> 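After the structure tokens below, expect a handful of questions from me.
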Amino acid sequence: MKEGADIRAGESIKWPEGVAEARRLQEELSKRVRLAPLRKRPVTVAGVDASFTADKTVAVITVFEYETLRPLEEAHCVLETSFPYLPGYLSFREGPAILCAAQRLGFMPDVLIFDGQGIAHPRRLGIASHMGLLLGRPSIGCAKSRLVGEYREPPPEKGAESPLYLDGRVAAAVLRTRAGVKPVFVSAGHLITLREAVEVVLHCAVRYRLPEPLRAADGLSKRLRRALQQRS
DNA sequence: GCGACAG
DNA sequence: ATCTTGTCGC
């Protein structure tokens, strides 16, 4: 068990060496996820995403003003990739670089939107829940496709949604952010409710399928990746 | 054994 | 996620 820099006072971040260890960590951490209502209307909202080269992970966090969706700040971090992509274990692959980028921000955003699942996960600890917990901030999972759960296709209108069930419970909302476009899978990550998560995603998805902060983070991380590859 | 499977 | 150009459709 390796240890990284402290994100939250008094507690060090642990990164597992293998899948068995990762799974145990998820089962342990998921007990600490809290889906409580936001304590205040967010003033800032961030998008978090990552890109990859053959051996490196490029994580990007873009921060916007919630009300106007004007860009405020962005931070990124490039780290050696140390965990493979395995469905259900995405946070162990992208997590280290994401936390590194988070520490480079001038201030912590009021809510962070991740490119992946929140609690709509086999052990209820998708990347949004995992990172939200470690950062101690409200987080939302906004995935482009399904990991687990069952659902019915939502109506084609913008704003239409249908529940995604997992273990007989609603774990996410399959949400249409643009009319006639493939829906996104929104789930609560940490310190937020599903209803609020949907509200935030719809508020931020004004022009494209993905909420503005996520789309910006995606674009920037890909540009940074290309810059890295040309330089080697 | 076979199919599913965030990014 | 990444490898890659043009092309079909609104």
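Keep in mind that this is a model prediction, so the values were computed, not measured.
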> Ignoring hydrogens, what is the shortest heavy-atom contact between A:V111 and A:P42? Give both atom names and the distance.
CG1-CB, 3.9 Å

> Once you round it to whole Å, what is the distance between P of B:dA6 and CG of A:L164?
13 Å

> Taking OP1 and OP2 of C:dC3, is either one under 4.0 Å from a side-chain nitrogen or oxygen of A:Q229?
yes

> Side chain of A:K222 only, please: which of B:dA6, B:dG7, C:dT2 is the nearest?
C:dT2

> Should A:R225 be listed as having a side-chain N or O under 4.0 Å from OP1 or OP2 of C:dT2?
yes

> For a quick check of understanding: with a heavy-atom distance under 4.0 Å over all strands, which category does A:T53 fall into, base, sugar-phosphate or nothing?
nothing

> Using a cut-off of 4.0 Å on non-hydrogen atoms, how would the nucleic acid contact of A:F83 be classed: base, sugar-phosphate, or nothing?
nothing

> What is the distance, rounded to the nearest whole Å, between atom CG of A:L147 and atom P of B:dC5?
9 Å

> Looking at A:E80 and A:K56, is any side-chain nitrogen of the basic one under 4.0 Å from a carboxylate oxygen of the acidic one?
yes

> Would you say B:dG7 has OP1 or OP2 under 4.0 Å from some side-chain N or O of A:S145?
yes

> For the pair made of OH in A:Y85 and P in B:dA6, what is the distance, rounded to whole Å?
4 Å

> A:P16 and side-chain contact (heavy atoms from CB on, under 4.5 Å): which partner among A:R23, A:E21, A:Q26?
A:E21

> Taking any heavy-atom pair under 4.0 Å as a contact, classify A:G88: base, sugar-phosphate, or nothing.
base

> So does A:K144 get a side-chain nitrogen or oxygen closer than 4.0 Å to the phosphate oxygens (OP1/OP2) of B:dA6?
no

> From the list B:dG7, C:dA1, B:dA6, which nucleotide is the closest neighbour of the side chain of A:D218?
C:dA1

> Using a heavy-atom cut-off of under 4.0 Å over every strand shown, decide if A:F52 touches base, sugar-phosphate, or nothing.
sugar-phosphate

> Check the distance between B:dA6's C1' and A:R93's CZ and give it to me in whole angstrom.
12 Å

> How many whole angstroms separate atom CG of A:L90 from atom C1' of B:dA6?
6 Å

> Mind checking whether A:F52 and A:Y85 have ring centres under 6.0 Å apart?
no

> For A:I119 and B:dA6, give me the distance from atom CD1 to atom P, rounded to whole Å.
18 Å

> Looking at CD of A:E94 and CG of A:L99, how far apart are the two atoms once the value is rounded to the nearest 0.5 Å?
11.5 Å

> A:F185 stacking on B:dA6: centroids under 5.5 Å, ring planes under 30°?
no

> So does A:R146 get a side-chain nitrogen or oxygen closer than 4.0 Å to the phosphate oxygens (OP1/OP2) of B:dC5?
yes

